[in-house]
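Below is one structure, written out as structure tokens; comments come after it.
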Amino acid sequence: MNDNALVLKGIRKAFAGHVAVKDFSLEVPRHSVFGLLGPNGAGKTTTLRMVMDILGPDAGTIEILGQPADHAARDRIGYMPEERGLYPRMVLEEQLVFMAAIKGVPEKEALKRLGPWLERLSLADWRKRKTNELSKGMQQKAQFIATVLHQPEVLIVDEPMSGLDPVGMDVMREAMLDLRRAGTTIVLSSHQMDTVERLCDRVVLINRGEKILDGAVSEVKARYGKNTVALAFEGDGSFIESLPGVAKVTDFGQYLEVRLHDGQDAQPLLREAAARLRLRRFEIVEPSLHDIFVETVTSHGEEAA
Amino acid sequence: MSAKLWAIVKREYIERVRTKAFVIGTILGPLMMAAMMIVPALAARSKSKPLRVAVVDATGELREAVETALREARVDGRARFDVQPGGAIAPETAEVQLKQAVLQKNIDGYLALPADAVATASASYFGRNVTNRIDLRTMERTVSAVLVSRRLASAGLDPTKVKDMTRELDMKTIRLSEQGEREDQGAATILALILLMILYASILIWGQAVLTSVIEEKTSRVVEVMAAGVPSTTLLLGKMLGVGSAGLTQFLAWALSLLGVSLAAAGGIGSFSMPEITPLMLVSFVLFFLLGFLFYAALYAAVGASVNTVQEAQGLAFPIMLPIILAMVSFPAVLEAPEGPLAVTVSMIPGMSPLIMFLRIVVLTPPLWQIALSIALLVLGILAVVWIAARVYRVGILMYGKRPTFPEIVRWVRHG
């Protein structure tokens, strides 16, 4: 039995004038939480649309849960597009039952499954209300229910956290983790690096329609080595940027992340900083996905240009 | 029908049927149709008072004959003229008095016969209202008959005998069809036109409902969720069938209430004859509505998928309405010669045939092979249009922003 939830081989899609996705291959293992990362216009949404047959690829093949992608296979996927969409004048309950019906769930069954989800995402009081009376955050949660009501084996979510307040984000994250524990494979496309970093065990980074990074999160981080230093201090730290051996400084306001050149020892930086600042923290850390993302995309951009 | 298609048809149907426009249209439709049929009948029957008229006669010898003739003149079996005295005095003074009387509304008008009325066949009518054409025509014919018999008499002929011998032809028109014979008083034409108008309006109105529905799905962005769940052809088909069923529901409601109205009216208005609506007419009305609707709904869906707003759709919608508009414009020619080459040709062209073949069926039953061919061609046309629309739809529903040009849309169809 094939252990991949999704397999994309040599996918290519061109629109008038430009190539959106070129020779893109991808394997999403079953039961993983998979992060699909990339800057705006990298081809993430186009790729997901091809998986869902909203767009037809110019070349390449797609396999879903070990089968060639067809409509029956796609019914086992739940897809929440970045552009949320609900019928504005439909009553929430009817809307969700309808969304389940087009994925092949009978009405009675959908109604049965609906209750617990509405409770969990605090929408129970809104069950009989029209969708356009719901707030943006509530619509987002309703959309999520619409995506999972047919109990998909693969859940594809595009920017699941956007538009949610911190409480909503926590609820959503827990809901996704529960699904994962129940065996659902989750593909997450996002710009929010902290979300991806906390949730995903594998990531792939796309830029300009090409895959530029692929692997387990821990592996990707290890590849970048332990040459990042987190610094918190009092005083003026602007000199750090011009110190020898420093590749890049990212200012987070409360603290700095300093990236050193490969093989550079952190000790000279510690001595220099201790001499000139009141240090509160000096720690050698793994690079954040954020840094890896920015660095990889920037250097890829330069290569391509 | 697959469960998905059924779910889409059901959703679309319920959403349409719940709108205010649907409820209002369903209630107002029969009221307006009933008004269209009953009001003229009532108006024709209304007992408007006979005209109070006086006669001024400068010849000195015609007044009595004219007055008698006017009193005896009948329209629909009722006297139309209430002849007033007052023309006995000298014509000049009488005219002054009568003008006053007309202005004071004591009488409605008066007829002045000049001294040479018999020879020149001339007369004048003075009245406040001179647009009551039927009454004035009656007066004209009545007075003319008096003058003619005077001339005949002075030529030594017997007026009654001449009248008898020159009696005008009274030609009835009887519509002969397989269903039997039936005297027709123009009602068949009027019925055909009313049904044609309803068919035309319905195809366009329900076609536009599909357009609006597609645009709404684009605006609310729900279309991507839908496209991820079902193939775009299923989505398009479900939408068309759902909206079409809503249209049929409205017709059913109309038909039932019209039936009620005409049953109730049958007692009230008495002899008012409703032209016969044959089962063939009803079946072909529903059939050609459905086929015409599917044809135009698919085109409208393609337009809706290509644009962002209803306003933007206007420019693209006109060309697709062109065939049905042309069909509508050609109906007088078709009525004139329902078996002529123009009528036969136009009733075969998909997009025009829903109106014209229906019209031909209503006015005279065309050969069965023509009906069959027309329907077959129309079904082929629908398949072609749905195929094109599905391709435009699939690409277009995900396009936002700039409206595509026509060549771009053609490219979508070719590469789909």
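Just so it is clear, the structure is predicted and the values come from calculations on it, not from any experiment. These values consider heavy atoms only, across backbone and side chains, with no hydrogens, waters or symmetry-generated copies. First the proteins, then the strands, lettered A, B, ... as listed; each starts at 1.
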Just so I understand: if I count every heavy-atom pair under 4.5 Å between each of Asn132(A), Ile77(A), Leu86(A), Leu48(A) and chain B, which residue has the most?
Leu86(A)

In this structure, OG1 of Thr234(B) is separated from CD1 of Ile102(A) (nearest 0.5 Å) by 10.5 Å

May I ask you to check whether over 12 heavy atoms, not counting those of Phe15(A), lie within 6.0 Å of atom CZ?
yes

Please classify the contact of Arg49(A) with chain B as side chain, backbone, both or neither, using a heavy-atom distance under 4.5 Å.
side chain

Using distance alone, with no hydrogens and no angle criterion, decide if Tyr87(A) and Glu217(B) have a side-chain donor and acceptor under 3.5 Å apart.
yes

Considering non-hydrogen atoms only, spot the tightest contact between Leu55(A) and Arg394(B) and give its length.
C-NH2, 3.6 Å

Which bit of Met80(A) is near chain B, if near means a heavy-atom gap under 4.5 Å: side chain, backbone, both or neither?
neither

Note: vs chain A, highest number of non-hydrogen pairs under 4.5 angstrom among Pro231(B), Ala228(B), Gly238(B) is Ala228(B)

Grab the two heavy atoms, one from Phe98(A) and one from Ala7(B), that are nearest each other, plus how far apart they are.
CE1-O, 3.4 Å

Any side-chain heavy-atom pair of Asp75(A) and Lys4(B) under 4.5 Å:
yes

Could you tell me which portion of Asp53(A) (side chain, backbone, both or neither) has an atom closer than 4.5 angstrom to a non-hydrogen atom of chain B?
both

With a 4.5 Å limit on heavy-atom distance, are the side chains of Lys10(B) and Glu107(A) in contact?
yes

Between OG1 of Thr45(A) and CD of Glu224(B), what distance do you get to the nearest 0.5 Å?
7.5 Å

Rounding to 0.5 Å, atoms CE (Met90(A)) and CZ (Arg11(B)) come to a distance of 5.0 Å

Please report the interatomic distance OG(Ser220(B)) to CD(Glu83(A)), rounded to the nearest 0.5 Å.
11.0 Å

Given Arg221(B) and Glu82(A), is the salt bridge (Lys or Arg N to Asp or Glu O under 4.0 Å) satisfied, shown in steps?
CA-CA 10 Å; Arg221(B) 311 267 161 164; Glu82(A) 186 178 4; over 6 Å; no

Answer whether the closest heavy-atom distance between the side chains of Val225(B) and Met52(A) falls below 4.5 Å.
no

